[in-house]
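Everything on this sheet refers to the single structure shown next.
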Amino acid sequence: MADRRSDVLVLGSGIAGLSAALGAARNGASVTLATKATQPEGASTWWAQGGIAVARTAPDQFKRDIDAASSGTSDPEALDVLVQNADAAVRDVLIETLGVDFDTGGNGASFDFGREAAHSEDRILHVDASTGRHIHEPFLSYLADHDRVEICGDMAAIELLEHDERVHGAVLESDGTVQPHYAGATVLATGGIGALYSRSTNPAGSTGDGIAMAHRAGAATADMEFVQFHPTVCVADGDPFLVSEAVRGEGAVLRDAEGGRFMPAVHEDAELAPRDVVARAVEQEHHRTGRVVLAEHFLCGGVDVDTYGRASLGRLYAVGECARTGVHGANRLASTSLLEGLVWGLRAGTDAAGHEPTEREGAVSTSPGSAPSEEFLKASYERLQRTMDEHVGLRRTPEGLAQALGELPTLKAEVDVHAGREAPRAVHELRSACTVAGLIVEAAAANDISVGCHYVTGTAEDASAMAR
Ligand SMILES: Cc1cc2nc3c(=O)[nH]c(=O)nc-3n(C[C@H](O)[C@H](O)[C@H](O)COP(=O)(O)OP(=O)(O)OC[C@H]3O[C@@H](n4cnc5c(N)ncnc54)[C@H](O)[C@@H]3O)c2cc1C
């Protein structure tokens, strides 16, 4: 396995982890980047289509658009950080360091800024309809050649090394071998939670590991009830395929089975309304046609962090989709996730540099664990996904959430029996998925106000709103 010590340990190789590694290495730190991905496609970043938004000459309007999409729930301080750093970070890292060749208007003089749903300006940089891979692949290559960065693929973090409210690294597993890696600071960048639902746009392996590890170590999470479902996903041969909002931004419309548009009656911006609004309208339509389906797409909440990605435990950072920065509030605006990962990744990595690693293990489990059967793993995922699909999806009810609250602990307890240092990676992933599902359900059950992605009917609040 890799060297067992480094100044900064980054977990995850999407845009957030790569940006954190770059920030830390630029600041003089030795960096180990461990990722369970075996190929670039293992990160959502690679799959991003529409692009990355920048502020251009209208930063205040950009902030207003993000805040409006979130129904006024974005954190103003986080918005300032995102928007003030957006253009400089994109220029510095993506254009000047990596040489990403964003599409131009045709004459090569100016970028072809696109527009997507709920954006009031043309501000999205893109490369064809496959922006993610055009950022991700050069980023990986650049860091692979960097003197102070070591990238370890097919290596999963399974537990944080926490002692006295400070994180000293993580337990890493590679090819069945498990050992601690000590670090001056640890950056979680483990991405999304698609595996909790039967349909997701995320790549396989999106089991919320970073959030689960942080929670077990005692770090705070926030906004976990805000799970975003993408409104325009087609299913071909069983695989969900996302039809990007850029397509609607270019003028595509949504039609019902009879060929009529249904969005103008739902929202004044019709097909360009915020994602949560379009998702609920499409879901209603889906009941009639069965053509366009919804899929879990993005978690707005996560490990609670400040404007430098610092979590509530010492020397622990979280960036990208596994973090809750406050930018997205209750609902994310399209094409702001890559940007958030880039901006927070750089800030966290820079801040994380400068600490010597110390060998403190903390109270990490020493039980060996066991390998359950394939049938157990499959059946457990089916139970988890059925519960999340039925009760913790786009529309929720207090009764459904109560049922999920009853079912999930039983499943988690059955999975926990197998968890231990020597257990196969699949057990740790399933355990993470169950842990994060529990956090989502608890947060959803504790919030009876419908806002953004959290839409709950049948509450006292709902009844009084109907009466009004
Ligand atoms: C189909 C699709 C289209 C999208 N389009 C856009 C778009 O146009 N614009 C936009 O802004 N956003 C878009 N998004 C959202 C955006 O791509 C993601 O939110 C963002 O890329 C997340 O970046 P990340 O670095 O946080 O996580 P990811 O890119 O998902 O990377 C997570 C990494 O962590 C690794 N990992 C996970 N667990 C562990 C562990 N235990 N140990 C070690 N490594 C681990 C994974 O292998 C992976 O390498 C899209 C998402 C999808 C799925």
Side-chain angles (χ1 to χ4, degrees), residues 9-21 32-54 114 116 124-127 129-133 135-136 139-140 151-160 170-174 181 187-195 200-214 228 230 233 240-246 249 275 295-300 302-303 309 318-323 325 327-328 332-342 344-345 425 428-429 431-433:
L9 173 64
V10 178
L11 303 172
S13 58
I15 191 165
L18 296 172
S19 302
T32 299
L33 188 151
T35 176
K36 70 180 183 184
T38 53
Q39 51 190 3
E41 292 91 321
S44 286
T45 298
W46 191 90
W47 295 93
Q49 300 175 341
I52 182 164
V54 288
E116 293 191 16
I124 298 164
L125 287 166
H126 53 90
V127 188
S130 54
T131 310
R133 77 190 70 168
I135 293 173
H136 197 219
F139 215 156
L140 278 170
I151 299 180
C152 307
D154 199 6
M155 184 179 283
I158 58 176
E159 208 70 78
L160 294 177
V171 178
L172 302 180
E173 177 274 320
S174 180
H181 185 107
V187 184
L188 299 168
T190 54
I193 58 147
S200 169
T201 60
N202 296 182
S206 301
T207 43
D209 300 355
I211 300 171
M213 288 188 287
Q228 190 172 64
H230 202 286
V233 175
F241 173 77
L242 186 151
V243 182
S244 157
E245 254 133 2
R275 207 171 259 174
E296 188 282 337
H297 186 56
F298 183 83
L299 176 64
C300 299
V303 180
V319 291
E321 193 168 337
C322 72
T325 62
V327 163
H328 309 301
R332 174 174 76 95
L333 177 66
S335 286
T336 54
S337 173
L338 292 174
L339 181 63
E340 183 198 37
L342 173 66
W344 256 263
R425 190 181 298 179
H428 294 291
E429 292 183 320
R431 184 187 186 207
S432 294

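For ligands, and for the atoms within them, numbers begin at 1 and follow the listed sequence. Please read all numbers here as calculations on a predicted model, not as lab measurements.
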Inset, instruction - Give yes if a backbone or side-chain nitrogen or oxygen of Phe298 is under 3.5 Å from a nitrogen or oxygen of ligand 1, and no if not. - result: no

Legend entry - Donor-acceptor pair between His126 and Thr131 side chains, under 3.5 angstrom: no

Inset, instruction - Could you check if a side-chain atom of Thr336 sits within less than 4.5 angstrom of a side-chain atom of His328, using non-hydrogen atoms only? - result: yes

Legend entry - Residue part near ligand 1, for Glu116, under 4.0 Å between non-hydrogen atoms: neither

Inset, instruction - Tell me which one of Ala295, Gly51, Ser337 gets a heavy atom nearest to atom 9 (N) of ligand 1. - result: Gly51

Inset, instruction - Indicate yes or no: does an N/O atom of Trp47 lie under 3.5 Å from an N/O atom of ligand 1? - result: no

Legend entry - Proximity to ligand 1 by part of Ser206, non-hydrogen separation under 4.0 Å: neither

Inset, instruction - Would you mind telling me if ligand 1 is within reach of the side chain of Thr45, the backbone, both or neither, using heavy atoms under 4.0 Å? - result: both

Inset, instruction - Classify the contact between Ala53 and ligand 1 as side chain, backbone, both or neither, using a heavy-atom distance cut-off of under 4.0 Å. - result: neither

Inset, instruction - Would you check whether Leu339 has a nitrogen or oxygen atom less than 3.5 angstrom from a nitrogen or oxygen atom of ligand 1? - result: no

Inset, instruction - Decide, yes or no, whether a salt bridge links Arg332 with Glu340 under the criterion of side-chain N to carboxylate O below 4.0 Å. - result: no

Inset, instruction - Select one of side chain, backbone, both or neither to describe which atoms of His428 lie under 4.0 Å from any atom of ligand 1, heavy atoms only. - result: neither

